[in-house]
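All remarks here apply to the structure that follows.
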Amino acid sequence: MTSYEKVKAARSESRPGALDYISNIFSSFIEFHGDRKFGDDGAIVGGLAYLGDIPVTLIGIERGKNTLERISRSFGSPNPEGYRKAVRLMREAEKFSRPVITIVDTSGAYCGVGAEERGQSEAIAESITTMIGLSVPTLALLIGEGGSGGALALMAASEVWMLENSVYSVISPEGCASILFKDAKEASKAAENLKLTAEDALEFGVAEKIIPEDNLGSPEFYSSLKSMMEGKIRSMMGRDDLAYERYLRFRKFGESR
Amino acid sequence: MAINFPYRPKNELERHGRGGEPRHGEKELTCPNCHRTLSESILENNYYICSCGYHYRIGARTRIEMIVDPGSFEEMSESIKPNDPISFPGYGEKLEKARRESGEEEAVVTGKATIGGIEVMLFAMDPFFMMGSLGSATGEKITLVFERAIEEHLPVIGWSSSGGARMQEGLLSLMQMAKTSGAVKRHSEERLLYISVLTDPTTGGVSASYAMEGDVILAEPGATIGFAGKRVVEAMTKEKTDRSFQTSRFVFEHGFVDSIVERSDERRILYELLSFHTGR
Ligand SMILES: [Zn+2]
């Protein structure tokens with residue numbers, strides 16, 4: 001597949017969404033709503049669940065399955081309230097020493113007048129800063145599209161795992177093409193140049209693991225992913241150097257020393 | 001809410017706003033707001049503020065010299081320069097052009113100085129270097145400022161001026177948002193002061209990371225401050241935005257900025273703020 005074919009695959013409506021992963025990998029999910037400040041964002045779902053027998057805090061970005069649901073979830077583009085809900089849940093996870101698992105799938109943070117009025121920048125910055133400093137184990141799973149700062153806000157984790165056909169990029173290939181090549185139709189070329197595939201991310205050290213998609217969405221797919229996640233989370237539990245290790249994980253990108 | 005604000009510089013990536021803005025070496029400047037042409041030396045003596053109040057964009061070094069005690073600035077990390085980590089087409093030429101237009105090697109100048117005798121670590125972004133875009137070397141230099149401030153137990157003042165992440169560096173540019181945020185967080189945990197000054201423009205990945213993470217956040221008048229580009233928002237909502245949209249006044253009225261400070265008053269305010277945190 002070319003990079004742009006991967007972008008299209010990552011955006012495909014038939015791919016499992018965050019809620020599919022939540023219901024197939026975790027048990028007893030209880031969803032929590034609201035940022036305690038302004039409202040509840042439909043694009044970000046969060047709450048408590050068990051991974052095997054480990055209680056965890058889950059935060060996912062859900063695009064929705066049908067048109068009505070997609071509208072109520074603003075097509076998986078979170079508003080500031082979504083990131084503020086995520087921050088609230090992360091702090092709560094830290095208080096109760098629960099690992100945080102994020103499941104990311106977004107073309108980016110919502111772009112609108114209201115989002116700007118309510119401080120989209122501040123909300124994303126706060127989410128990145130909170131997540132990178134958490135003392136509890138954190139794992140980010142990128143299942144589809146990882147669009148820019150809106151995705152990074154939930155991916156400042158100890159490890160980032162990417163589905164084989166997920167993509168992670170600083171800008172959409174279309175946006176990049178229209179700015180640099182003055183033509184959105186050059187998106188395919190931009191996608192190639194941006195190095196946004198899972199293999200690219202693995203090579204840069206931006207991701208630690210690629211999850212094969214051979215049997216995407218099947219019971220075997222979820223059960224193997226579940227055991228990998230459980231193993232990873234367990235290996236981080238009880239450690240007191242996670243925040244520093246996570247800082248170094250991000251510190252290494254473009255390091256001069 | 002009607003916010004009446006007389007001027008609003010454009011924020012267009014890779015471009016220097018409207019015509020007539022200062023480029024390296026130019027001698028006469030025409031104000032984009034009132035169209036008055038003034039010589040650079042007159043503007044220089046007035047902090048590059050037009051008589052109508054318009055704040056011209058200024059280079060990082062000009063800004064630092066304007067604010068800190070004369071002769072006190074010691075630059076650091078001069079040797080950290082951008083490379084082309086993902087071999088992005090045309091990036092080399094873009095960097096060459098940026099060097100010519102800004103006279104800088106990167107989009108940020110960093111170092112240590114004193115303000116009214118108080119020691120401070122600082123970084124100033126340069127809007128003339130690829131619109132202050134955040135690349136790996138930019139992020140590295142800013143991270144080193146916070147790390148040295150932790151070691152020396154010093155406050156940080158940072159002037160942001162950026163269109164956002166530098167897309168020519170792909171994911172490595174995006175990672176700088178997390179890296180710098182991590183450094184700000186560690187500095188903050190040492191209970192050290194960070195004053196962030198938002199100048200024109202502060203948008204995208206920079207506004208969504210260290211620019212918005214200050215203990216105190218100041219903004220210069222008339223700066224464009226926001227997350228998504230105005231044209232992106234208009235394409236999304238299919239409506240024209242107000243002239244006041246994403247101005248300093250706009251973010252101030254929505255509660256994201258402590259104070260709007262004229263450049264001519266900046267040194268005094270920064271000194272006062274530093275004094276509060278160091279004792280007189
Ligand atoms: Zn003027």
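As the structure is a computational prediction, the values presented were derived from the model and not from experiment. Below, chain A is the first sequence line, B the second, and so on; all start at residue 1.
- A salt bridge does not link A:E255 with B:K179: none of the charged nitrogens is closer than 4.0 Å to a carboxylate oxygen.
- The backbone N or O of A:G133 lies less than 3.5 Å from no partner atom in the side chain of B:K185, so there is not a single donor-acceptor pair.
- B:L171 is not listed as a side-chain neighbour of A:F253, based on a closest heavy-atom distance of 4.5 Å or more.
- Under the 3.5 Å distance criterion, the side-chain polar atoms of A:E122 are left unmatched by any main-chain donor or acceptor of B:A208.
- With a 4.5 angstrom heavy-atom cutoff, B:A235 does not touch chain A via any of its atoms.
- Smallest separation of non-hydrogen atoms from B:S173 and A:V170: OG-CG2, 4.1 Å.
- Nearest heavy atoms, A:C111 versus B:V232: SG-CG1, 3.8 Å.
- Proximity to chain A is limited to the side chain of B:Q176, based on heavy atoms less than 4.5 angstrom apart.
- Both the backbone and the side chain of B:A178 come within contact range of chain A, judged by heavy atoms closer than 4.5 Å.
- Closest approach of A:N193 to B:I86, counting heavy atoms only: O-CD1, 3.4 Å.
- Nearest heavy-atom pair across B:A183 and A:Y247 is N-CE1, 3.4 Å.
- Salt bridge annotation for B:E140-A:K252: absent, with no cationic side-chain nitrogen under 4.0 angstrom from a carboxylate oxygen.
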Derivation of the side-chain contact (heavy atoms from CB on, under 4.5 Å) call for B:E239 and A:V113: CA-CA 10 Å; B:E239 274 173 41; A:V113 174; over 6 Å; no
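- Put simply, the side chain of B:Q246 reaches to within 4.5 Å of the side chain of A:E116, judged on heavy atoms.
- B:E147 places a side-chain heavy atom less than 4.5 Å from the side chain of A:R251.
- B:E213 places no side-chain N or O within 3.5 Å of a backbone atom of A:T129 that could act as its donor or acceptor partner.
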